[in-house]
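Heads up: the structure comes next, in structure tokens.
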Amino acid sequence: MKNKLTNEELQNALSRFTLEGEVKSCSPYGSGHINDTFLVEAGRKYILQRINSEIFTKPRELMENVDLVCRFMTEEIKKQGGNPERESLQIIKTKDGSLYYEDEKKNFFRMYLYITDCKAFDLVEKPEHFYESAYAFGHFQKLLSDFPAEKLHETIPHFHDSPQRFQHFLKAVEEDKYDRKKDCEEEIQFFLSHEKDLSYALALLKKGELPLRVSHNDTKLNNVLFDANTEKALCIIDLDTVMPGLSIFDFGDAIRFGANTGAEDEEDLSKISLSLPLFSLYTKGFLEACGSSLWEKEILSLPEGAKIMTLECGMRFLTDYLQGDSYFHVKRPRHNLDRARTQIALVKDMEKKWTEMKEEVQKYLP
Ligand code: ADP
Ligand code: GN1
Ligand code: MG
């Protein structure tokens, strides 16, 4: 786990970027699990992030990707008469023109314009928000079909390679470095009994039955910003994992997070279930935006995308728990175990509602 940043380190980083006015404050912001995010108030507001360089081991390549995607999105938004400063992330460069600043301790910082009058949701408060986010991610998926994929670096190789993640999970169980296996025998058994499900999508990809596309790869609800006044989805953020991937995983990860009736780290498992109405609504929004460019098999495999993303994420949380919580930010001792448990409960509920989920997506076949 990375050290907490000192005030001096933050002040030094801030002084490297071209900001309007004097910095008045810089405070922790948002609920992301990966980077350290700060809201900076100066002549205008900014977002400063320390990139988690243990996870993103090539920050230069990462920022080149983000820069490419932001510039591409900016052009698209301009063509549609929108406002790029609100509808796309805008990178603020350092005083010497770089996309990020690296300090002596190898902390990597980047800066964005803060998108004002917007909000991010950790839970669906109104169904319309979820529909909005579905349309936004579907639209993003469609726009990326014209994106020069060959220019993208793979920021985290094998990011959604669920069978490989299963192998890493097995290793964590076997090593049991923190003597935590005893707390989660049942959860371990659950993932062991679901090994087969994990290979479904990549097997179809290998056979050419699903295409590799440029995708976002981290489509949870709080990676979309909403306009605080209109409550319309405004901007897709967290572009760190944009790289070749599967459309059904973009769909699936959004379902995993947003169609869950409970929070990702809810301790009361009776609150966890798959909301079929929210599943239907997301399917509608996503396919209205990008359905015309998807293959039939992709549409039919959307439920599998949701199940695999939930299994994979649950397994990643449990792996991290077994490995001493070194990947995802945690706020309490068993946080990752609680997260793994919600994902298991959600998969179980998906299994109960499987027929309905499959029937729902079939409605969208041409
Ligand atoms: P992580 O990878 O840790 O999830 P994110 O890039 O998603 O980091 O940022 C974390 C949170 O910070 C987001 O959920 C959002 O609330 C907020 N955020 C990030 N970038 C901006 C921005 N440009 N304007 C406003 N809020 C932002
Ligand atoms: C992380 O960065 P954030 O908080 O949006 C993770 C996702 C997980 C998610 C679970 C780079 O997303 O893959 O699905 O947590 N991002 C990375 O909440 O590992
Ligand atoms: Mg995020």
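The shown structure was predicted, so the numbers you read here are calculated from the model rather than taken from an experiment. Numbers here simply count residues along the sequence, with the first being 1. First listed ligand is number 1; within each ligand, the first listed atom is number 1.
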Which bit of Phe159 is near ligand 2, meaning a heavy atom under 4.0 Å away: side chain, backbone, both or neither?
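Answer for Phe159: side chain.
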
What part of Asn223, side chain from CB on, backbone N/CA/C/O, both or neither, has a heavy atom under 4.0 Å from ligand 2?
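Under 4.0 Å from ligand 2, Asn223 contributes side-chain atoms alone.
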
- Task: Starting from the C-alpha separation in whole Å, work towards a yes-or-no answer on side-chain contact (heavy atoms from CB on, under 4.5 Å) for Met63 and Ile51.
- Result: CA-CA 10 Å; Met63 286 310 292; Ile51 300 171; 4.0 Å; yes

Hey, is [X] close enough to [Y] for a salt bridge, meaning N to O under 4.0 Å?
| X | Y | answer |
| --- | --- | --- |
| Lys363 | Glu359 | no |
| Arg256 | Glu264 | yes |
| Lys307 | Glu304 | no |
| Glu20 | Arg44 | yes |
| Asp103 | Arg50 | no |
| Arg316 | Asp320 | no |
| Lys106 | Glu102 | yes |
| Glu125 | Lys119 | no |
| Glu351 | Lys348 | no |

I'd like to know whether ligand 2 has [X] as a neighbour, heavy-atom separation below 4.0 Å.
| X | value |
| --- | --- |
| Arg316 | yes |
| Arg256 | yes |
| Asp240 | no |
| Phe56 | yes |

| said: Can you classify the ring geometry of His216 versus Phe140 as parallel (below 30°), tilted (30 to 60°) or perpendicular (above 60°)? | reply: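 Answer is perpendicular, since the angle exceeds 60°.
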
Quick one: which ligand 2 atoms are inside 4.0 Å of a heavy atom on [X]?
| X | value |
| --- | --- |
| Gly32 | 4 (O) |
| Asp238 | 2 (O), 3 (P), 5 (O) |
| Phe317 | 10 (C) |
| Cys313 | 10 (C), 14 (O) |

Is it true that [Y] and [X] share a donor-acceptor pair across their side chains at a distance under 3.5 Å?
| X | Y | value |
| --- | --- | --- |
| Asp240 | Asn35 | yes |
| Asp122 | Ser31 | yes |
| Thr342 | Glu266 | no |

Discussion item. Evaluate Thr241 for polar contact with ligand 2, using N/O atom pairs at a separation under 3.5 Å.
Written reply: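 Such a contact does not occur with ligand 2.
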
| said: Could you enumerate the protein N, O or S atoms under 2.8 Å from the Mg ion (ligand 3), written like residue then atom name? | reply: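 Hits for the Mg ion (ligand 3) below 2.8 Å: Asn223 OD1, Asp238 OD2.
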
Distances only, to 0.1 Å: what are the N or O pairs between ligand 1 and the protein that fall under 3.5 Å?
| residue | atom | partner | partner atom | Å |
| --- | --- | --- | --- | --- |
| ligand 1 | 2 (O) | Asn35 | ND2 | 3.1 |
| ligand 1 | 2 (O) | Asp238 | OD1 | 3.4 |
| ligand 1 | 2 (O) | Asp238 | OD2 | 3.0 |
| ligand 1 | 3 (O) | Ile34 | N | 3.2 |
| ligand 1 | 3 (O) | Asn35 | N | 2.9 |
| ligand 1 | 4 (O) | Asp238 | OD2 | 3.1 |
| ligand 1 | 6 (O) | Gln49 | NE2 | 3.0 |
| ligand 1 | 7 (O) | Asn223 | OD1 | 3.0 |
| ligand 1 | 7 (O) | Asp238 | OD2 | 2.9 |
| ligand 1 | 8 (O) | Gln49 | NE2 | 3.4 |
| ligand 1 | 9 (O) | Gln49 | NE2 | 3.2 |
| ligand 1 | 14 (O) | Asn222 | O | 2.9 |
| ligand 1 | 23 (N) | Leu113 | O | 3.0 |
| ligand 1 | 24 (N) | Ile115 | N | 2.9 |

Practice item. Take Thr37 and Gln49 through the side-chain hydrogen bond (donor to acceptor under 3.5 Å, both in side chains) test and state the conclusion after the steps. Key: CA-CA 5 Å; Thr37 302; Gln49 284 182 318; 3.0 Å; yes

Protein residue, atom and distance nearest to [atom], heavy-atom basis:
| atom | answer |
| --- | --- |
| atom 10 (C) of ligand 2 | Glu264 OE2, 3.2 Å |
| atom 1 (C) of ligand 2 | Ile34 CG1, 3.7 Å |
| atom 15 (O) of ligand 2 | His33 CD2, 3.4 Å |
| atom 9 (C) of ligand 2 | Lys220 NZ, 3.6 Å |
| atom 17 (C) of ligand 2 | Tyr327 OH, 3.5 Å |

Q: Counting heavy atoms only, name the option from Asn217, Ile55, Asp218 that's nearest to atom 12 (O) of ligand 2.
A: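 It is Asp218 whose heavy atom sits nearest to atom 12 (O) of ligand 2.
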
Check your understanding: Does Phe17 have its ring centroid less than 6.0 Å away from the ring centroid of Phe109?
Key ->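 Between Phe17 and Phe109, the centre distance exceeds or equals 6.0 Å.
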
Distance-only check: which donor-acceptor pairs under 3.5 Å involve side-chain atoms of residues 281-290, not counting sequence neighbours?
| residue | atom | partner | partner atom | Å |
| --- | --- | --- | --- | --- |
| Thr283 | OG1 | Phe279 | O | 2.7 |
| Lys284 | NZ | Glu288 | OE2 | 2.9 |
| Glu288 | OE1 | Tyr131 | OH | 2.4 |

| Got a sec, which pairs hit side chain to side chain donor-acceptor pair (under 3.5 Å) with one end in residues 201-214, sequence neighbours left out? |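 Applying side chain to side chain donor-acceptor pair (under 3.5 Å) to every pair that reaches into residues 201-214, excluding sequence neighbours, yields Arg213-Glu298.
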
